[in-house]
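Worksheet: one structure, shown below.
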Amino acid sequence: MLTIIILMGSYLWSAFLMQYFFARTLGERFASKVTFWGTVIMWVIQCLTKLFPMLIWGAEIVVYCNVILIIFSMIYVGVLYKKSFGVRMLAFIVLYVVQGVMDMIGMNIVGMILGYHAVMELDANYMVTVVCVSMPLVSLGTICLKKIWKLTERVDWKLGNTQWLCLILPVSQYVVMWKIAMRYSVQFQSVPLEAVLGTVLALLGDVYMFVLFYRSNKRDHAEKELNGLKHQQELERVRYEQLKESQEEMAKMRHGFQNYVLTLKQME
């Protein structure tokens, strides 16, 4: 019973972490109260698809219930949050990858300490320890991801033609991680440490890639502004030359007019 309560609490925390990330990165489409109740409904669906099927039918059904959970999660993101559909789905994929990696790290840390158990086995010592270790890691990963996402919002995505290539890696890693999770979930085994380390390194590579891209884009944006300033300076120089020529013409005309007046006075 204690394990079930702790798992339900961890699912509730995960649901509100999801709301925190999407609200800060995508913006809420409706009032906060609507988003709150949508998150509560998402938590209920999470319990119904991850916890209770395991208790009633056994761990074999959980793998297929996860597919249903992902579908409902995509609907949750698509309905309650703003920005374009592509951006919303990208945010969902990146968050899923980060939280999945952090969860696997926590599970493997506990496995190395207590020994490996079946992934969805309701063993109090194992599952409670996994939750206690994984939840802080998942929270840390979500907060860091939010900061990185806000950093990329400063990027001028219309500048250049290759910036969208940086989205290929997170999407491809989502597919790979999903394949790994499905394979070992079917066999009811923990993901090997090598696979977890490889996924972590790939995730760190994503972070470094986004930082480098941000710096490159910032430099390109500065060069664009500098070229604009140079162009503006050139226009001002041309205007100055035209004004100078106009002043010289006016001076010549004034000098000619003065000579004409002196000639008329002499004729008088």
Side-chain angles (χ1 to χ4, degrees), residues 3-23 25-26 28-30 34-83 85-104 106-107 117-123 126-127 130-131 134-135 138-139 141-142 145 170-191 195 199:
T3 306
I4 296 175
I5 295 175
I6 292 178
L7 284 174
M8 291 180 65
S10 69
Y11 295 157
L12 181 62
W13 179 251
S14 297
F16 281 106
L17 272 179
M18 186 167 58
Q19 178 185 346
Y20 163 79
F21 175 76
F22 292 133
T25 57
L26 303 177
E28 296 175 328
R29 179 172 292 179
F30 306 104
V34 176
T35 308
F36 170 80
W37 285 112
T39 304
V40 172
I41 294 173
M42 194 64 224
W43 168 64
V44 173
I45 294 174
Q46 200 171 6
C47 293
L48 292 175
T49 54
K50 293 183 68 174
L51 184 58
F52 297 114
M54 178 182 60
L55 298 176
I56 299 173
W57 295 291
E60 292 82 0
I61 197 68
V62 174
V63 175
Y64 306 100
C65 291
N66 283 336
V67 177
I68 300 175
L69 176 61
I70 290 177
I71 293 174
F72 274 104
S73 299
M74 295 175 71
I75 294 174
Y76 167 81
V77 177
V79 172
L80 294 180
Y81 299 97
K82 298 186 292 186
K83 294 198 175 179
F85 177 80
V87 174
R88 280 176 284 167
M89 291 302 102
L90 176 63
F92 169 75
I93 290 173
V94 174
L95 180 64
Y96 187 88
V97 170
V98 170
Q99 290 188 344
V101 169
M102 294 302 176
D103 198 32
M104 283 194 298
M107 192 172 295
H117 294 246
V119 174
M120 294 304 296
E121 186 179 74
L122 279 181
D123 179 87
Y126 178 70
M127 289 304 298
V130 166
V131 171
S134 297
M135 282 298 100
V138 171
S139 302
T142 303
L145 178 61
V171 175
S172 62
Q173 288 164 11
Y174 168 77
V175 176
V176 173
M177 198 185 77
W178 169 254
K179 189 69 176 179
I180 292 174
M182 288 291 290
R183 175 182 176 183
Y184 288 96
S185 295
V186 170
Q187 298 176 358
F188 307 110
Q189 297 176 358
S190 296
V191 179
T199 309

Just how far is it from atom [atom1] of [X] to atom [atom2] of [Y], taken to the nearest 0.5 Å?
X: Phe92; Y: Ile75; atom1: CZ; atom2: CD1; result: 10.5 Å
X: Thr49; Y: Ile70; atom1: OG1; atom2: CD1; result: 10.0 Å
X: Thr25; Y: Tyr20; atom1: OG1; atom2: OH; result: 9.5 Å
X: Leu17; Y: Leu12; atom1: CG; atom2: CG; result: 10.0 Å
X: Tyr76; Y: Arg88; atom1: OH; atom2: CZ; result: 13.0 Å

Residues passing the side chain to side chain donor-acceptor pair (under 3.5 Å) test with Ser14, sequence neighbours excluded, are none

So, using side chain to side chain donor-acceptor pair (under 3.5 Å) as the criterion, who are the partners of Gln19 when residues are at least two apart?
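Listed in chain order: Thr39.
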
If you compare all heavy atoms of [X] against all heavy atoms of [Y], which two are closest, and at what distance to 0.1 Å?
X: Ser10; Y: Val131; value: CB-CG1, 3.7 Å
X: Lys83; Y: Leu26; value: CG-O, 3.6 Å
X: Cys47; Y: Met8; value: SG-CG, 4.1 Å

Check side-chain contact (heavy atoms from CB on, under 4.5 Å) between Leu145 and all other residues, then give those that pass, not counting sequence neighbours.
Phe21, Val94, Leu95, Val98

Phe36: partners by side-chain contact (heavy atoms from CB on, under 4.5 Å), with sequence neighbours left out
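So Phe36 forms a side-chain contact (heavy atoms from CB on, under 4.5 Å) with Phe16, Val40.
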
Any side-chain heavy-atom pair from [X] and [Y] closer than 4.5 angstrom?
X: Phe72; Y: Gln46; result: no
X: Gln99; Y: Thr142; result: yes
X: Val138; Y: Trp13; result: no

Which salt bridge (Lys or Arg N to Asp or Glu O under 4.0 Å) pairs, counting each pair once, include a residue from residues 6-17, with sequence neighbours left out?
none

Angle between ring planes, Tyr81 versus Phe22, binned at 30° and 60°: parallel, tilted or perpendicular?
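Ring orientation, 0 to 90° scale: tilted.
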
Report the C-alpha separation of Ile93 and Met74 in whole Å, then their side-chain angles, then the decisive distance to 0.1 Å, and conclude whether the side-chain contact (heavy atoms from CB on, under 4.5 Å) test is met.
CA-CA 9 Å; Ile93 290 173; Met74 295 175 71; over 6 Å; no

What residues, two or more places apart in sequence or in another chain, satisfy salt bridge (charged side-chain N to carboxylate O under 4.0 Å, His left out) together with Lys82?
none

